[in-house]
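Okay, so here's the structure we're looking at.
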Amino acid sequence: MSIQWFPGHMHLTRKAIAERVKAIDVVIEMLDARLPGSSANPLLAELTGHKPTLKVLNKQDMADPARTEQWLAHYRAQPGTRAIPLDASHTSPARALVAECRELAPLRGGMVKPLRVLICGIPNVGKSTLINTLMGKRAAKTGDEAGVTRNEQRVALADDCYLFDTPGVLWPRIVVPESGTLLAASGAVGRNAYDDETVALDLLDLLKVDYPALLEERYRFGLDPAALAQAHADALMESIGRQRGALVAGGKVNLTKAAELVIADFRQGHMGRITLETPPQFLRWLAAGEAADAERQKQRPDRPKARPARRR
Ligand code: GDP
């Protein structure tokens, strides 16, 4: 699904991050472990690509463990990059975070040259939750709606290690149409930017192929994996709507309601542990998305060219 969405105030955030990054030693990029590639912000890579980076695959409790391993290996193969999985159940993630950051900037530390860490990530990825856990109290506002505005914060992770929060809200810039679907499904983009039915149908199309057993377990279609892979997403949605009583007068299925049910089930983890993309899949989508983007730019020569990101 194609979402073209790049709010104007993003330019202010860009300036603020570029300024802040000058006095930063390590960037922590929080990603959603269920969609690591799609939840990365290409602008962030462009602004911080030269800094050592710790990729935190958050919400790993909801992600497919085998695919999380693939993503960790993918990131760990990149220069100046480390990667760890994390989830809300970690009561004390500070030690692991500090240890990883120290590895990335071995020349920093001590009172004279404290380690300065910037935490970044698109809305809803779990930054506030992590900062709250680190601070041991409810300091940052958390929510499951995208884009709750927060003020910049500084958290002492250790006597000689400070964590700075992103200045501004780092919206995803969606170059890859598939990422639009994944981000909408995960709740990372505002509700008015997408259509529930389209997202739910695309999600079912993906899940019926990659996670047929989980889908069958949740919705009891009575189909084996091969039959499920062949089934039309519309038929699956119809069946889900009927089962759950999402009907309108005359006994027809209320597709909007059925779509909401599917999306809510995914977001709340009711289908099981799912990761919507693998590194090779995402890289294929990205290559196609960037080629299409370049083509669009060529046809609109008056527009400034989007600079390619350095790292993902
Ligand atoms: P922010 O916009 O990046 O600050 O994201 P929040 O911290 O507000 O988190 C968004 C939602 O994700 C909240 O409902 C959190 O409870 C939830 N969340 C954050 N981290 C995790 C995690 O590791 N696992 C799970 N299951 N949920 C999480």
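Order of appearance sets the numbers: ligands from 1, and atoms from 1 within every ligand.
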- request: Work out which heavy atom in Leu43 is nearest to a heavy atom in Arg14; give both atom names and the distance.
  value: CD1-NH1, 3.3 Å
- line: Looking only at heavy atoms, the pair that brings Ala105 and Asp25 closest together is CB-CB, 4.2 Å
- line: Hits for ring pair (Phe, Tyr, Trp, His ring centres under 6.0 Å) against Tyr162, two or more places apart or cross-chain, chain-then-number order -> none
Within the 4.0 Å heavy-atom shell around [X], which atoms of ligand 1 are there?
| X | result |
| --- | --- |
| Met62 | 26 (N) |
| Asp87 | 23 (O) |
| Lys127 | 1 (P), 3 (O), 4 (O), 5 (O), 7 (O) |
| Ser128 | 1 (P), 4 (O), 7 (O) |
| Pro123 | 2 (O) |

query: Are a donor atom and an acceptor atom from the side chains of Ser38 and Glu178 found within less than 3.5 Å of each other?
result: no
task: Please say whether the positively charged group of Arg116, taken as NZ for Lys or CZ for Arg, lies over the ring of Phe164, i.e. under 6.0 angstrom from the six-membered ring centre and within 45 degrees of the axis.
output: no
field: Pairing residues for Arg76 by the salt bridge (charged side-chain N to carboxylate O under 4.0 Å, His left out) criterion, not counting sequence neighbours
entry: none
- prompt: Considering only heavy atoms, which of Thr129, Ile131, Thr133 lies nearest to atom 9 (O) of ligand 1?
  reply: Thr129
- prompt: Which is closest to atom 25 (C) of ligand 1 by heavy-atom distance: Leu130, Asp61, Leu86?
  reply: Asp61
